Amino acid sequence: MKIKALNGFKDILPEDVGIWRRVEDVVRDVLERFHFAEIRLPILEKTELFARSIGADTDIVEKEMYTFTDKQVTMRPEATASLMRAYIEHSMHAARPVQRLFTIGPMFRHERPQKGRLRQFHQLDVEVLGSSSYRLDAELMSLGSLLFAELGVSASLEINSLGCPDCRPAYRRQLLEFIGDRIGQLCSDCRRRSLTNPLRVLDCKKDGCRQQVAQAPSLIDHLCPACADHFSGVRDSLERLSVPYSVNKFMVRGLDYYVRTTFEFVTDRLGSQAAVCAGGRYDGLIEMLGGPKIPGIGFAMGLERLVLLLKSSDQTPGQAAEIDVFVAGLGERGSGYGFALVDGLRRDGLRADMDLDGKSLKSQMKQADKAGSRFVLIIGDQELAGRRAPLRDMATGEQVELALDLESISTYIKERSSGLDG
RNA sequence: GUGGGUGUAGCUCAGUUGGUCAGAGCGUCUGGUUGUGGCCCAGAAGGUCGAGGGUUCAAGUCCCUUCACUCACCCCA
């Protein structure tokens, strides 16, 4: 029986790494423009951290975490909790009043895999601690929209407000009353939701439920004055930044810690996994985890989903050259000389390779072609005797005779290759 | 946890009502006269048809079981 990767765990093969790097490069570039600093966090944390931050009653904590029960540690299902832990542990609030941080890495959830949802998946996690300004909310959404724009992916922004501990309970009671009157018309899932997480009834996908909740009281009509002001501030700021958005009053959050602003970038090209980026404000979280009373907001972007979008958007990157020069050695002497020459070229900053298995010249030419090498240098007994060797330009087929020494060859290739530094 | 779909060469897939059905394309390798890639041509390697059991003279082809993958539900980035 062959050993295979675990269900929901995927290898990212060399042919896909290019697109992943592109995503990561754009992410880091844009984040730096927005003055964010990268932080790298452990993958394993105390189980309690997630239970307290995400919510002990959530599906994630109840049944989706990879936990070593004998050690009470868990593979992180998301990054926000870890980042908060690090922020508190290192008293980062003392270093500067507003911390703008991001991290990229794998997360683990034991869910049933499907399109755009794996058990090990990767997220970009962006968090700002120390400001409750509504402008910050809009700034993060602008950041998200710029990320999509720079990657050439289209996704639309939806926003909502979940209120705060002052206004949500009252709304929740109203909603429960509304649902109670219609409980018979709702699907079985929604009947269960009405007990566990009533807000979730609002975004049920079933038509019957949608019709029923269409007239439901909406969160954003029942915000307390402070939350209402904040929400309208967010909207004004988005308009000032010309970031297109729509209000989705049925949008809910799965994690307990969110308050006020929530937002998602959604797409219709990922099957049922519409959200490619989602986040919101969590003003009480840091305090709840034992830190200072400091507000925060953040979002997570699903990188697998982003990669899927990039692949579907028909942006063929074209095969890049893997190496600058392939050295074709003929016979034992030619191969031996070429072996040392390739090593020298590499030490000189060029990407070089050769065949080590004594293949025919024709076969070596094919290898060079397949690798997209810009040049092929041929070394056989004639060349060793004459101290000169032909260098073939694989694009044009033209060949020049070069003096058979490292410096001449290296210099010639460097003068004609692009994308080399130094 | 629940439901649907699919499992035939490295990859993408054909395989009619069970009877040369073990195939194609791509990829790989070799060759198409001495040491030159792409295109073309020729040839080769490569598969216990996911696994196990059953029906039958005969099973990728029918039945059962099982495993895997996949999409969707739940939930969620």
Side-chain angles (χ1 to χ4, degrees), chain A residues 1-10 13 15 54-55 57-64 77-80 104 106-126 144 155 187-190 192-193 196-197 200 203-206 251-255 263-267 270-280 298-309 326 328-331 334 355 357 359-383 389-399:
Chain A
M1 170 178 181
K2 273 192 279 188
I3 295 179
K4 302 173 65 179
L6 293 170
N7 189 17
F9 288 70
K10 289 277 180 279
L13 298 174
E15 64 220 52
I54 296 170
D57 298 334
T58 58
D59 276 19
I60 291 177
V61 171
E62 275 189 351
K63 50 194 186 193
E64 294 174 1
E78 56 121 40
T80 301
I104 300 175
M107 311 293 158
F108 304 84
R109 290 184 200 171
H110 193 104
E111 302 175 276
R112 199 68 163 254
Q114 65 189 69
K115 188 178 177 67
R117 189 175 74 182
L118 298 173
R119 287 180 171 174
Q120 175 178 335
F121 58 103
H122 298 76
Q123 287 187 333
L124 159 68
D125 197 68
V126 177
C187 70
S188 56
D189 280 331
C190 281
R192 179 177 49 74
R193 289 187 185 107
T196 57
N197 190 351
R200 277 284 173 200
D203 69 351
C204 182
K205 289 168 189 159
K206 295 195 174 66
M251 189 174 72
V252 183
R253 277 279 82 100
L255 281 50
F263 61 98
E264 286 182 2
F265 284 89
V266 299
T267 169
L270 284 177
S272 65
Q273 308 303 318
V276 65
C277 171
F299 67 78
M301 195 172 280
L303 299 188
E304 274 80 4
R305 294 181 184 180
L306 209 48
V307 167
L308 282 174
L309 284 174
F326 187 95
L330 299 172
D355 170 74
D357 298 307
K359 295 283 181 61
S360 69
L361 177 59
K362 178 170 181 167
S363 172
Q364 295 192 58
M365 292 299 292
K366 284 188 179 178
Q367 287 182 55
D369 185 51
K370 194 171 173 63
S373 185
R374 174 84 196 277
F375 296 102
V376 172
L377 184 74
I378 297 166
I379 305 173
D381 287 343
Q382 295 169 30
E383 287 72 23
L391 184 78
R392 181 179 181 87
D393 183 319
M394 292 297 275
T396 65
E398 290 166 10
Q399 295 188 186

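Since the model is a prediction, treat every value here as computed from it, not as a measurement. Per chain, numbering begins at 1; letters A, B, ... match sequence-line order.
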Let's see if you can work this out: which of [options] has an atom nearest to the side-chain heavy atoms of [X]?
{"X": "A/Ile378", "options": "B/rU28, B/rG35, B/rG38", "result": "B/rG35"}
{"X": "A/Asp369", "options": "B/rC73, B/rA68, B/rG38", "result": "B/rG38"}
{"X": "A/Arg192", "options": "B/rC74, B/rG35, B/rG37", "result": "B/rC74"}
{"X": "A/Ala278", "options": "B/rC73, B/rA77, B/rU36", "result": "B/rA77"}
{"X": "A/Lys362", "options": "B/rG32, B/rU30, B/rC76", "result": "B/rG32"}
{"X": "A/Lys10", "options": "B/rC69, B/rG31, B/rA77", "result": "B/rC69"}

Reckon [X] has a side-chain N or O less than 4.0 Å from the OP1 or OP2 of [N]?
{"X": "A/Gln114", "N": "B/rC73", "result": "yes"}
{"X": "A/Lys370", "N": "B/rU28", "result": "yes"}
{"X": "A/Arg305", "N": "B/rC76", "result": "no"}
{"X": "A/Asn7", "N": "B/rC69", "result": "yes"}

When the distance from [atom1] of [X] to [atom2] of [N] is rounded to whole Å, what number comes out?
{"X": "A/Gln399", "N": "B/rU36", "atom1": "CD", "atom2": "P", "result": "10 Å"}
{"X": "A/Asp57", "N": "B/rC76", "atom1": "CG", "atom2": "P", "result": "12 Å"}
{"X": "A/Lys115", "N": "B/rC69", "atom1": "NZ", "atom2": "C1'", "result": "15 Å"}
{"X": "A/Met365", "N": "B/rU36", "atom1": "CE", "atom2": "C1'", "result": "4 Å"}

(request) Tell me whether B/rG5 sits syn or anti, counting syn as a glycosidic angle within 90° of 0. (result)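 For B/rG5, whose glycosidic angle is more than 90° from 0, the conformation is anti.
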
(request) Name the pairing partner of B/rU36, where a pair is Watson-Crick or G-U wobble with both distances under 3.5 Å, or state none. (result)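 Pairing partner: none.
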
